[in-house]
Amino acid sequence: MPARILDGKALAQGVTGELRERIAARIAAGRAAPGLAALLVGDDAASQVYVRNKRRTADGIGMRSLAFDLPASASESELLALIGRLNGDPSVNGILVQLPLPAQISTARVIEAIDPAKDVDGFHPYNVGRLVLRMPTLRPCTPYGCMQLLAKTGEDLAGMHAVVIGQSNIIGRPMALELLIARCTVTICHTATRDLPGLVRQADLVVAAVGRAQLVQGDWIKDGAIVIDVGINRGADGRLVGDVDFQAARERASWITPVPGGVGPMTIAMLLANTLRAAEMQDR
């Protein structure tokens, strides 16, 4: 029996609908709408699409979306100065800097410059450290969204062997931490991993986040496994495909996310959930 589809688009619509109601109630109580500052450096086409979608969704649920677009030639000091001003602006509750950044700018320095209380991407070492200690506040958005999708399966994750393919600071590492909190036994795989297919075949839960089109083959998937495909790649025919061979994997998995329409919409939804939470924490 083919795997059931984890529809991230539908779940994200439910999340943003709830956020819209909470923001309306917040405004009715006399508080300001949450303010989200989105910073874009350069003219990368994919980044422009991502930021535009984030801004549009934020506006659609009643947030104040603030746009700051800098040229590709912007210096690191210019970007850090802008972040410093936004850190000190009480009308700005959340700050996101769209990645990747141009080569002349240090991503690590930029992330560390953001006030952790306004770090709605969840990348600051403080927020990642809280996740390590099982005391999360603002969580990295994509792993957070993956956990919401997993919750929709109704499956008890405790004791599952979870294999995470990819070890990036943005997805792989915080994803492993989220799964540890859920009491999974976690294996993290990367470019130096030996016998990747063999490890994936042992997994009750696979999270593919490596950025290689259809790397994970259908016969790697254990019967009944849950498959979360974080990858977004452009196939040879121009279509968007994930890191997993979807059609083949679906014949073996119990649940699977599509690409597009799986993890992507949930990432944006969790960004907005973090922004509202940041505003609520700053109210105190």
Side-chain angles (χ1 to χ4, degrees), residues 1-19 46 49-50 53-54 57 60 139-166 171-172 174-176 178-179 182 184 186 189 197 200-273:
M1 179 179 175
R4 287 166 285 185
I5 300 297
L6 281 168
D7 188 340
K9 185 175 180 180
L11 181 55
Q13 288 173 345
V15 171
T16 54
E18 179 185 338
L19 292 173
V49 171
Y50 295 148
N53 288 341
K54 291 169 183 177
T57 308
R139 306 159 94 126
C141 299
T142 297
Y144 190 14
C146 290
M147 295 308 294
Q148 302 303 307
L149 286 163
L150 287 169
K152 290 298 290 184
T153 69
E155 302 284 349
D156 182 4
L157 302 184
M160 283 190 180
H161 180 198
V163 169
V164 178
I165 309 172
I171 301 172
M175 187 74 238
E178 290 279 9
L179 291 168
C184 292
V186 182
C189 299
V200 174
R201 289 186 179 107
Q202 299 174 32
D204 305 303
L205 165 58
V206 179
V207 180
V210 72
R212 288 181 56 187
Q214 299 181 326
L215 169 71
V216 179
Q217 301 299 300
D219 64 1
W220 295 11
I221 303 300
K222 177 180 175 180
D223 286 339
I226 301 170
V227 178
I228 303 293
D229 191 349
V230 183
I232 300 179
N233 313 280
R234 188 70 65 179
D237 59 1
R239 293 184 304 113
L240 289 178
V241 296
D243 290 352
V244 177
D245 184 343
F246 177 84
Q247 293 299 339
R250 191 181 179 191
E251 295 303 313
R252 301 174 69 95
S254 58
W255 293 91
I256 192 168
T257 57
V259 176
V263 174
M266 287 303 297
T267 297
I268 295 177
M270 293 302 103
L271 169 73
L272 302 180

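The heavy-atom pair separating Q214 from Q217 by the smallest distance is O-NE2, 2.8 Å. Nearest approach of C184 to L205, heavy atoms of both residues: SG-CD2, 4.5 Å.
Listed by chain and number, the residues in a side-chain contact (heavy atoms from CB on, under 4.5 Å) with A209 are I171, V230 (sequence neighbours excluded). Partners of R239 by side-chain contact (heavy atoms from CB on, under 4.5 Å), not counting sequence neighbours, listed by chain and number: D237, V241. With sequence neighbours excluded, the residues forming a side-chain contact (heavy atoms from CB on, under 4.5 Å) with T16 are T57, I61, A269, L272, listed by chain and number. Residues satisfying the side chain to side chain donor-acceptor pair (under 3.5 Å) test with D223, not counting sequence neighbours, are none. Residues forming a side-chain contact (heavy atoms from CB on, under 4.5 Å) with T267 (at least two apart in sequence, or on another chain): C141, T142, V263. A search for salt bridge (Lys or Arg N to Asp or Glu O under 4.0 Å) contacts involving K54 returns nothing, not counting sequence neighbours. Residues passing the salt bridge (Lys or Arg N to Asp or Glu O under 4.0 Å) test with R201 are D219, sequence neighbours excluded. Residues passing the side chain to side chain donor-acceptor pair (under 3.5 Å) test with D7, sequence neighbours excluded: none.
In this structure, CD on Q13 lies 9.5 Å from CG on L11, to the nearest 0.5 angstrom. One finds the NZ atom of K222 at 11.5 Å from the CZ atom of R252 (value rounded to the nearest 0.5 Å).
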Derivation and outcome, side-chain contact (heavy atoms from CB on, under 4.5 Å), residues D204 and I226: CA-CA 6 Å; D204 305 303; I226 301 170; over 6 Å; no
Could you go through L179 and M160, starting from their C-alpha distance and side-chain angles, then the distance that decides it, and tell me whether this counts as side-chain contact (heavy atoms from CB on, under 4.5 Å)? CA-CA 9 Å; L179 291 168; M160 283 190 180; over 6 Å; no
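Side-chain atoms of M175 and V186, non-hydrogen and from C-beta on, never get closer than 4.5 Å to each other.
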Validation: residues 143-150 side-chain donor-acceptor distances under 3.5 Å, sequence neighbours left out:
none

Quiz: residues 242-251 side-chain donor-acceptor pairs under 3.5 angstrom, not counting sequence neighbours:
unit_1	atom_1	unit_2	atom_2	d
D243	OD1	G211	N	3.4
D243	OD1	R212	N	3.1
D243	OD1	N233	ND2	3.0
D243	OD2	V210	N	2.7
D243	OD2	G211	N	2.9
R250	NE	A3	O	3.0
R250	NH2	A3	O	3.4

Listed pairs under 3.5 Å, donor-acceptor, residues 253-261 side chains, sequence neighbours left out:
unit_1	atom_1	unit_2	atom_2	d
S254	OG	G224	O	2.8
S254	OG	A225	O	3.3
T257	OG1	D229	N	2.8

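Screening residues 150-165 for side-chain hydrogen bond (donor to acceptor under 3.5 Å, both in side chains) gives H161-T187 as the qualifying pairs, with residues at least two apart or on separate chains.
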